[in-house]
Amino acid sequence: MPEKVTLFFDSISPYSWFAFEILCRYQPVWGVEVDFVPFLLSGIMQASENQPPGFNRFKGRYMASDLVRNGKLFGVPLTRIPREFPVNTLRAQRLLTYVKAHEPSKLAPASLALWRAYWGDSNSIDKEDVLVQYLTPVLGAEMTQAFIAASFTDATTKQKLIQETKRATDIGAFGAPWIVVEREVDGKPVVESFFGSDRLENIALMLGKPYYGPNPGAASKL
Ligand SMILES: N[C@@H](CCC(=O)N[C@@H](CS)C(=O)NCC(=O)O)C(=O)O
């Protein structure tokens, strides 16, 4: 059984952005299979009877500075809590689900573009013109228009997003990023879940892989 890391994410979640970036950097270092899976955090919150941390004003205030500090630590251009927060990411997550199904190699750049739009540039990703602006450099103008139109109406995409959200709930997810690590120990499959972008070091330890901090490329040049 090959080692596999599955990252469930929603573009509303800035901590998912950190984990996604770091996992992209470590995938070639660790040589493990990585699967990025768009899900719907609002569905996870509902199913797990949890609440986004920002709903508590003390946690919300702390998060605002924690996020900017972590952006610097991880080398991710998160600048501030977006002007319009939260936004509904149903359209964005359906669109990423559609991209994964039809143009899988574009999932990572498309996801990163949406985080940059919302958490970097404070542009609301529930707006079609924002999706067009940020995805055109990734998919090209024609494909962007076609994918946006199709993903909003396609029944398979709608079902897939529901299924993936349910799959994460069934594994025990209560937040994002939700990271599932599959490996074999003594010939038996072992599956473990991790919550948060601050668990990459634990994952490295579990997989018996090196961890050089959030930017392995920079560390190797030291
Ligand atoms: N300590 C985690 C925090 C991650 C986090 O707060 N994620 C939010 C979404 S952006 C969440 O789902 N929170 C649920 C909870 O705190 O129970 C990290 O550094 O990544």
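Atoms within a ligand are numbered from 1 in the order they appear, just like the ligands themselves. Residue indices begin at 1 and follow the sequence shown.
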Student: Just which atoms of ligand 1 are under 4.0 Å from any heavy atom in Pro14?
Tutor: 10 (S)
Student: Evaluate Lys59 against Asp66 for salt bridge (charged side-chain N to carboxylate O under 4.0 Å, His left out), listing each step before the verdict.
Tutor: CA-CA 10 Å; Lys59 284 188 189 175; Asp66 188 53; over 6 Å; no
Student: So for ligand 1, is Ser197 a polar contact partner (N or O within less than 3.5 Å, distance only)?
Tutor: yes
Student: Can Arg91 be said to sit on top of Phe152's aromatic six-ring, NZ or CZ under 6.0 Å from centre and within 45° of the ring axis?
Tutor: yes
Student: Report the residue from Phe39, Trp115, Trp17 that forms a ring-ring contact (aromatic ring centres under 6.0 Å, His included) with Phe9.
Tutor: Trp115
Student: Go through ligand 1 atom by atom and flag the ones less than 4.0 Å from a non-hydrogen atom of Asn50.
Tutor: 14 (C), 15 (C), 17 (O)
Student: Can you list the steps and then say if Asp121 with Tyr134 is a side chain to side chain donor-acceptor pair (under 3.5 Å)?
Tutor: CA-CA 11 Å; Asp121 300 341; Tyr134 282 85; 2.6 Å; yes
Student: Begin with the C-alpha distance, continue with both residues' side-chain angles, and end with the deciding distance and a verdict on salt bridge (charged side-chain N to carboxylate O under 4.0 Å, His left out) for Asp154 and Lys158.
Tutor: CA-CA 6 Å; Asp154 183 43; Lys158 185 179 169 185; over 6 Å; no
Student: What atoms in ligand 1 come closer than 4.0 Å to a heavy atom of Gly175?
Tutor: 12 (O)
Student: Look at atom 5 (C) of ligand 1 and say which protein heavy atom is nearest, naming residue and atom and giving the distance to 0.1 Å.
Tutor: Tyr15 CD1, 3.3 Å
Student: What verdict does the salt bridge (charged side-chain N to carboxylate O under 4.0 Å, His left out) test give for Lys127 and Glu84, after you've listed the backbone C-alpha separation in whole Å, the side-chain angles of each residue and the deciding distance to 0.1 Å?
Tutor: CA-CA 12 Å; Lys127 309 241 178 344; Glu84 196 189 330; 3.3 Å; yes
Student: Run the salt-bridge test on Lys188 and Glu184 with the 4.0 Å N-O cut-off and return the result as yes or no.
Tutor: no
Student: Which protein heavy atom lies closest to atom 16 (O) of ligand 1, and at what distance to 0.1 Å?
Tutor: Phe195 CZ, 3.8 Å
Student: Assigning hydrophobic clusters by single linkage (Ile, Leu, Val, Met, Phe, Trp, Tyr; side-chain heavy-atom cutoff under 4.5 Å), is Val190 placed with Val5?
Tutor: no
Student: Please report whether ligand 1 has a polar contact with Gln51, defined as an N or O pair separated by less than 3.5 Å (distance criterion only).
Tutor: no
Student: Among protein heavy atoms, which sits nearest to atom 13 (N) of ligand 1, and what does the distance come to when rounded to 0.1 Å?
Tutor: Pro53 CD, 3.4 Å
Student: Among all protein non-hydrogen atoms, which one is nearest to atom 10 (S) of ligand 1, and what is the separation to 0.1 Å?
Tutor: Ser13 OG, 3.2 Å
Student: For ligand 1, which atoms sit closer than 4.0 Å to a heavy atom of Gly196?
Tutor: 2 (C), 18 (C), 20 (O)
Student: Roughly how far, to the nearest 0.5 Å, is CD of Glu128 from CG of Leu135?
Tutor: 11.0 Å
Student: Do any heavy atoms of Met45 fall under 4.0 Å from ligand 1?
Tutor: yes
Student: Just need the protein heavy atom nearest to atom 12 (O) of ligand 1, so name the residue and atom and give the distance.
Tutor: Ala176 N, 3.0 Å
Student: Does any N/O atom on Pro177 come nearer than 3.5 Å to any N/O atom on ligand 1?
Tutor: no
Student: Any heavy atom of Phe18 sitting closer than 4.0 Å to ligand 1?
Tutor: no
Student: Going by side-chain heavy atoms closer than 4.5 Å, which hydrophobic residues are tied to Phe58, directly or by a chain of links?
Tutor: none
Student: Tell me the protein heavy atom at minimum distance from atom 1 (N) of ligand 1, and give that distance in Å.
Tutor: Asp198 OD2, 2.9 Å
